Engineer: 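First the structure, then my questions, so here it is.
Hydrogens, waters and symmetry mates play no part in the numbers below; they use all other heavy atoms, side chains included. Residue numbers start from 1 in every chain, and the chains themselves are labelled A, B, ... in the order their sequence lines are given, proteins ahead of strands. If you're wondering where the values come from, they're calculated on a predicted model, not measured in any experiment.
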Protein chains: 2
Amino acid sequence: MFSIGRLSRATGVKVPTIRYYEEAGLMPPPERSAGGQRRYARADLDRLHFIAHGRGLGLSLDAIRHLLELSDKGRDCTDAHQIAAQHLSDIRARIARLQRLETELERLAEACDHAPGAPCGLIEALGDHGQCLGEH
Amino acid sequence: MFSIGRLSRATGVKVPTIRYYEEAGLMPPPERSAGGQRRYARADLDRLHFIAHGRGLGLSLDAIRHLLELSDKGRDCTDAHQIAAQHLSDIRARIARLQRLETELERLAEACDHAPGAPCGLIEALGDHGQCLGEH
DNA sequence: CTTGAACCTCTAGTGACTAGAGATCCTATC
DNA sequence: GATAGGATCTCTAGTCACTAGAGGTTCAAG
């Protein structure tokens with residue numbers, strides 16, 4: 001039986017965040033001490049590790065909730081793989097978009113020659129999307 | 001003089017978003033018609049283009065606000081370049097992180113052999129961060 | 001038994017919008 | 001001039017995943 005603080009230290013998840021996960025239905029309401037404080041069991045630790053790991057991978061709480069359900073009632077893991085595949089393609093799309101932005105920003109920054117008194121090429125370019133090569 | 005709807009169509013920024021930008025201090029309060037509707041001038045169109053472009057590049061409203069101030073009172077563009085440089089390094093860090101997540105997720109998905117009845121390797125791996133190679 | 005760290009609940013704030021209710025305005029047509 | 005209906009107005013509340021703070025209670029060590 002851990003207190004919420006011990007659980008927090010064991011998982012690296014902050015105390016208010018654990019309470020938030022409970023309210024959000026990801027963590028089950030734990031037992032309470034005589035005075036009303038939360039008391040967690042081993043299974044809660046594992047569950048919170050699972051959540052923390054998923055969050056670390058960038059999964060939404062919704063996706064994690066879904067995965068937890070699948071985990072709870074075992075069996076078919078097609079859905080789990082679909083969630084992972086969906087997330088993977090999200091990640092790839094985000095990488096591609098960020099790389100386009102990177103290129104564009106580099107170009108904008110170079111458009112300015114820093115001449116004293118002259119208008120800033122970077123700011124000018126921001127005002128005129130027509131100068132851009134790609135979309136964003 | 002455009003209505004908010006025309007401004008919206010001209011820039012691709014949705015009507016409620018324009019009002020939000022006004023409230024957030026990015027767009028100045030425009031003139032009003034006799035009946036109290038917003039009426040925009042050419043300068044507003046340019047300003048909104050600037051904002052939309054910055055947002056498209058992933059800049060925060062705060063960064064854009066700052067750039068607008070610099071643009072308003074011209075002169076030195078060191079600050080503008082610093083904002084851009086900061087954003088660029090943010091973008092690069094995010095790309096690097098997403099690439100680590102991509103690798104890790106691919107690995108997790110492959111850890112499962114989909115054997116019917118067997119526990120899902122993907123879900124197991126999510127429960128045990130110790131199996132991971134990198135950090136996330 | 002006392003101290004003080006840890007815990008409790010509740011509310012509100014973050015960023016950048018989005019959605020909806022209910023009322024008013026503007027413009028084109030008759 | 002009347003009317004229809006699309007556009008606009010303000011205001012509130014919701015999104016996501018937390019974070020911060022107030023004000024009060026409980027627990028564990030000494």
Side-chain angles (χ1 to χ4, degrees), chain A residues 1-27 29-40 44 47-48 50-68 83 86-87 90-91 94 97 101 136, chain B residues 1-27 29-40 44 47-48 50-68 83 86-87 90-91 94 97 101 136:
Chain A
M1 287 288 131
F2 325 81
S3 68
I4 199 169
R6 284 175 74 78
L7 190 65
S8 170
R9 260 165 275 134
T11 56
V13 178
K14 291 186 191 149
V15 167
T17 304
I18 298 174
R19 288 196 278 249
Y20 171 74
Y21 287 163
E22 181 182 332
E23 205 194 68
L26 285 152
M27 290 294 288
E31 290 181 39
R32 298 284 183 143
S33 72
Q37 299 192 355
R38 288 170 178 81
R39 290 295 175 259
Y40 293 96
D44 298 310
R47 195 176 179 93
L48 189 52
F50 185 102
I51 298 170
H53 195 180
R55 285 299 296 146
L57 288 166
L59 292 165
S60 69
L61 292 191
D62 231 35
I64 293 171
R65 206 186 327 266
H66 205 136
L67 287 169
L68 280 167
I83 290 171
Q86 175 63 58
H87 188 51
D90 280 2
I91 286 178
R94 270 152 66 193
R97 176 179 148 79
L101 296 184
H136 39 257
Chain B
M1 287 287 133
F2 326 80
S3 68
I4 198 168
R6 284 176 73 79
L7 190 64
S8 169
R9 261 165 277 135
T11 55
V13 178
K14 290 185 190 148
V15 168
T17 304
I18 297 174
R19 288 196 278 250
Y20 171 74
Y21 287 163
E22 181 182 332
E23 205 195 68
L26 285 153
M27 290 294 287
E31 291 182 40
R32 298 285 183 142
S33 72
Q37 299 192 353
R38 287 170 180 81
R39 291 295 175 259
Y40 293 96
D44 297 310
R47 195 177 179 93
L48 189 52
F50 185 102
I51 298 171
H53 195 181
R55 284 300 296 146
L57 288 166
L59 291 165
S60 69
L61 292 191
D62 231 35
I64 293 171
R65 205 186 327 266
H66 204 135
L67 287 169
L68 281 167
I83 290 170
Q86 176 63 57
H87 187 52
D90 280 2
I91 286 177
R94 270 153 65 194
R97 177 180 147 79
L101 296 185
H136 39 258

Engineer: Ignoring backbone atoms, test whether A:S3 places a side-chain nitrogen or oxygen under 4.0 Å from the OP1 or OP2 oxygen of C:dC7.
Structural biologist: yes
Engineer: Using a 4.0 Å heavy-atom cut-off across all strands, classify A:R32 as base, sugar-phosphate, or nothing.
Structural biologist: sugar-phosphate
Engineer: Output yes when at least one side-chain N/O atom of A:R38 is less than 4.0 Å from OP1 or OP2 of C:dC8, else no.
Structural biologist: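 Checking C:dC8 against A:R38, a side-chain N or O does come within under 4.0 Å of OP1 or OP2.
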Engineer: Round to the nearest Å and state the distance from B:E31 atom CD to D:dT8 atom C1'.
Structural biologist: 17 Å
Engineer: Measure the shortest side-chain to side-chain distance between B:R39 and B:I4 over non-hydrogen atoms and say whether it is less than 4.5 angstrom.
Structural biologist: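 Sidechains of B:I4 and B:R39: no contact.
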Engineer: With the side chain counted from C-beta on, respond yes when B:V15 and B:L7 share a heavy-atom pair under 4.5 Å apart, and no when they do not.
Structural biologist: no
Engineer: Out of D:dT10, D:dT8, D:dC27, which nucleotide sits closest to the side chain of A:S33?
Structural biologist: D:dC27
Engineer: Distance check, rounded to the nearest 0.5 Å: B:H53 atom NE2 versus B:F50 atom CZ?
Structural biologist: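 Rounded to the nearest 0.5 Å, the NE2-CZ separation comes out at 9.5 Å.
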Engineer: Rounded to the nearest Å, what distance is computed from the CE atom of residue A:M1 to the P atom of nucleotide D:dA28?
Structural biologist: 13 Å
Engineer: So, A:R47 and A:D44, do they make that salt bridge, N to O below 4.0 Å?
Structural biologist: no
Engineer: Any salt bridge linking A:R38 with A:E22? Criterion: basic side-chain nitrogen under 4.0 Å from a carboxylate oxygen.
Structural biologist: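 Looking at A:E22 together with A:R38, the answer is yes, because their closest N to O distance falls below 4.0 Å.
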Engineer: Starting at CD1 of B:I64 and ending at P of C:dG15, how long is that distance when rounded to a whole Å?
Structural biologist: 14 Å
Engineer: Grab the OH-P distance between A:Y40 and C:dC7 for me, whole Å please.
Structural biologist: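 A:Y40 atom OH is separated from C:dC7 atom P by 10 Å.
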Engineer: For the side chain of A:I4, counting heavy atoms from C-beta on, which of D:dC27, C:dC8, D:dT8 is nearest?
Structural biologist: C:dC8
Engineer: Roughly, in whole Å, what's the span from CZ in A:F2 to P in D:dC27?
Structural biologist: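 After rounding, the reported distance stands at 18 Å.
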Engineer: Within the 4.0 Å limit for protein heavy atoms, which parts of nucleotides 11-25 of chain D are touched? Write it as a string from 5' to 3', B for base, S for sugar-phosphate only, - for none.
Structural biologist: ------BBS------
Engineer: Determine, step by step, whether B:I91 and B:H87 satisfy the side-chain contact (heavy atoms from CB on, under 4.5 Å) criterion, reporting the C-alpha distance in whole Å, the side-chain angles of both residues, the deciding distance to 0.1 Å, and the verdict.
Structural biologist: CA-CA 6 Å; B:I91 286 177; B:H87 187 52; 3.6 Å; yes
